[in-house]
S.K.: 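Next up is a structure, given as structure tokens.
All values below were derived from every heavy atom in this structure, side-chain atoms included, with hydrogens, water molecules and symmetry-related copies excluded.
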Amino acid sequence: MDNGGGSEAAAQPLEWKFSQVFGERTAGEEVQEVDIISAIEFDKSGDHLATGDRGGRVVLFERTDTRDHGGHRRDLEMMDYSMSRHPEFRYKTEFQSHEPEFDYLKSLEIEEKINKIKWCQSANGALYLLSTNDKTIKLWKVQEKKVKKVCDLNVYPEKAAGNGPIVGSTVSTSCKPYLANGGCRERSFGCASNDFSFPPGGVSSLRLPVVVTSQETSLVAGCRRIYAHAHDYHINSISNNSDGETFISADDLRINLWNLEISNQSFNIVDVKPANMEDLTEVITSAEFHPTHCNMLAYSSSKGSIRLIDMRQSALCDTHSKLFEEQEAPGSRSFFTEIIASISDIKFAKDGRHILSRDYMTLKLWDINMDSGPVATFQVHEYLRPKLCDLYENDSIFDKFECCLSGDGLRVATGSYSNLFRVFGCSEGSTEATTLEASKNPMRRQVQTPSRPSRPLGSLSGVVRRVKGTDNAGVDANGNTFDFSMKLLHLAWHPSENTIACAASNSLYMYYA
């Protein structure tokens, strides 16, 4: 995706190194279903990372290696400061975003699993993010608040013996170490704090307690808005608009437009539901706003097509501006053709010129100015083609893998089985095709791959070779066995650096190059 004449740096494959792991699983440890990560997202600055899990929790991480040098990363780069340390993140906070619910009208259980997380623009030092489960979207505000303490009491419960008189001096000017909600660390559990017996004549002077704001801070997550009751089907996507005021949410048949400030009203902008549901031929699988044009968005379908729509054309955008789809080769149609063509995820490149899509077998890169076909196709699961029957039987063929692009647009990445993920170079002439494992030794399972020729599209060969003469259901191009229960579905690329965060079950792995 190099608009110039190619780049020497882009031609060299990156050497990926392990950075960090959070929630690493020990050998033989059983993973709880609620702890499995179901969403990952960097914010625009790349200084914060959010993950969501099947238990409805959102966990936030913040970058620490830029702070240690006493300045923002951009300032350090301007000072020509060489940063030799690799990116480091630390746990920041977590909160319960969604709880399991039950729809009594439809007799339907709504699970708490977080489907998507999207960061909003931060303001006044607070972080804002959207999280959604199958039915309800929530806007969260996370900020540091100074802890308030109660002090300057001149009657202390620990000086009272039961309900007896106050012992010792009745006037105190010292502020003792009190807890955040006003309790006292030295408190005796044998005394009744609210039941004092005063001496005859009372105390000489009674000082009222004072609430003091300390220098200590604590992170507080608060739900600011709840956007509910707008989707009859499961929400698969949410996406922020570049105008900072609106966002979209998409389910199988509809896309709704919301204003962040208004939670009780949304506008339906795409509706593919037919009058008769028996006529339904495709569903919406993913949707995303253009990164810079607030009037444009793209959505993908289960038939392998991507539609670009312009909200300026009409209020209901049922007609698309552009349609991107690849014509199937004559005679290649089979029972599995439509299933494996279904697009599970789309992402706009940072420049807004290209769209990356992921279907079961491939990654495709599209130029929005050219709707004749993808400009590049990367074979991810071509070696699984002889095993589609088995994959259909165990439902693996319906796995929804995500994809991501690097900030410079020179590389793309997606996940696979056995906790593997692939990184491909997409600049002109690049042959980069790296297979990495979500472990502390990411380069352990390298796949030797042939070079990827550019167009014509009909002659694009696989980046990962198909194994010939083997019937093993789980063998890749390098002869490695594959575990279809260990699937790396979720990953995210740092917006400005070559750092990838990926989820392997309940563990969050981070790599840098």
S.K.: Just checking, is any N or O donor in the side chain of Thr285 or Ser300 under 3.5 Å from an acceptor N or O on the other one?
M.R.: yes

S.K.: Can the ring centroids of Phe289 and Tyr299 be said to lie less than 6.0 angstrom from one another?
M.R.: no

S.K.: Could you tell me if Gln379 and Thr362 have a donor-acceptor pair between their side chains, going purely by distance under 3.5 Å?
M.R.: no

S.K.: Under 6.0 Å from the NZ atom of Lys17, do we count more than 12 heavy atoms belonging to anything else shown?
M.R.: yes

S.K.: Applying ring-ring contact (aromatic ring centres under 6.0 Å, His included), name anything that partners Phe22, two or more places apart in sequence or on another chain.
M.R.: Phe61

S.K.: Classify the ring geometry of Tyr360 against Phe401: parallel below 30°, tilted from 30° to 60°, perpendicular beyond 60°.
M.R.: tilted

S.K.: Go through the steps for Arg307 and Glu325 under the test salt bridge (charged side-chain N to carboxylate O under 4.0 Å, His left out), then give the verdict.
M.R.: CA-CA 9 Å; Arg307 290 173 173 85; Glu325 59 184 355; over 6 Å; no

S.K.: Among Lys303, Lys400, Lys364, find the one that has a salt bridge (Lys or Arg N to Asp or Glu O under 4.0 Å) with Asp359.
M.R.: Lys364

S.K.: Passes ring-ring contact (aromatic ring centres under 6.0 Å, His included), Phe348 versus His290? Steps please.
M.R.: CA-CA 7 Å; Phe348 270 101; His290 190 281; 5.1 Å; yes

S.K.: Just wondering, do Val142 and Tyr128 contact through their side chains at under 4.5 Å, heavy atoms?
M.R.: no

S.K.: Counting heavy atoms not belonging to Phe336, are there more than 12 under 6.0 Å from its CZ?
M.R.: yes

S.K.: Is a side-chain donor-acceptor pair under 3.5 Å present for His381 with Ser416?
M.R.: yes

S.K.: Please check if the side chain of Ser302 supplies one atom and the backbone of Val283 the other of a donor-acceptor pair under 3.5 Å.
M.R.: yes

S.K.: Return a table of donor-acceptor pairs under 3.5 angstrom between the side chains of residues 310-317 and protein atoms on other chains or two or more places apart.
M.R.:
from, atom 1, to, atom 2, distance (Å)
Asp310, OD1, Asn295, ND2, 2.9
Asp310, OD1, Arg312, N, 2.9
Asp310, OD1, Arg312, NE, 3.1
Asp310, OD2, Asn295, ND2, 3.4
Asp310, OD2, Arg312, NE, 3.3
Asp310, OD2, Arg312, NH2, 2.8
Ser314, OG, Leu316, O, 2.7

S.K.: Less than 4.0 Å between a side-chain N and a carboxylate O, is that true for Arg54 and Glu112?
M.R.: no

S.K.: Sequence neighbours excluded, which residues qualify as ring-ring contact (aromatic ring centres under 6.0 Å, His included) partners of Trp493?
M.R.: Trp16

S.K.: Hey, is Lys322 close enough to Asp371 for a salt bridge, meaning N to O under 4.0 Å?
M.R.: no

S.K.: Taking the side chain as C-beta and beyond, is there a heavy-atom pair between Asn256 and Phe247 under 4.5 Å?
M.R.: no

S.K.: side-chain contact (heavy atoms from CB on, under 4.5 Å) for Tyr392 and Phe335? Distances and angles first, verdict last.
M.R.: CA-CA 10 Å; Tyr392 180 77; Phe335 172 77; 3.8 Å; yes

S.K.: Using a strict threshold of under 4.0 Å (side-chain N to carboxylate O), is an ion pair present between Glu111 and Lys135?
M.R.: no

S.K.: Within the 3.5 Å criterion, strictly below it, is a donor on Asn236 or Asn115 matched to an acceptor on the partner's side chain?
M.R.: no

S.K.: Would Asp408 and Ser406 count as having a side-chain donor-acceptor pair, cut-off 3.5 Å?
M.R.: yes

S.K.: Using a distance-only test with no angle check, is there a side-chain donor-acceptor pair under 3.5 angstrom linking Asp399 and Tyr417?
M.R.: yes

S.K.: Suppose we call two aromatic rings close when their centres sit under 6.0 Å apart. Are Phe42 and His48 close by that rule?
M.R.: no

S.K.: Can you check whether Leu130 reaches Ile117 side chain to side chain, under 4.5 Å on heavy atoms?
M.R.: no

S.K.: Here's a test for you: under side-chain contact (heavy atoms from CB on, under 4.5 Å), which of Lys92, Lys141, Glu62 qualifies with Leu127?
M.R.: Lys92

S.K.: Can you see whether Thr414 engages Arg358 through a side-chain donor-acceptor pair at a distance of less than 3.5 angstrom?
M.R.: yes

S.K.: Examine the side chains of His490 and Ser38 and answer whether a donor and an acceptor come within less than 3.5 Å of each other.
M.R.: no

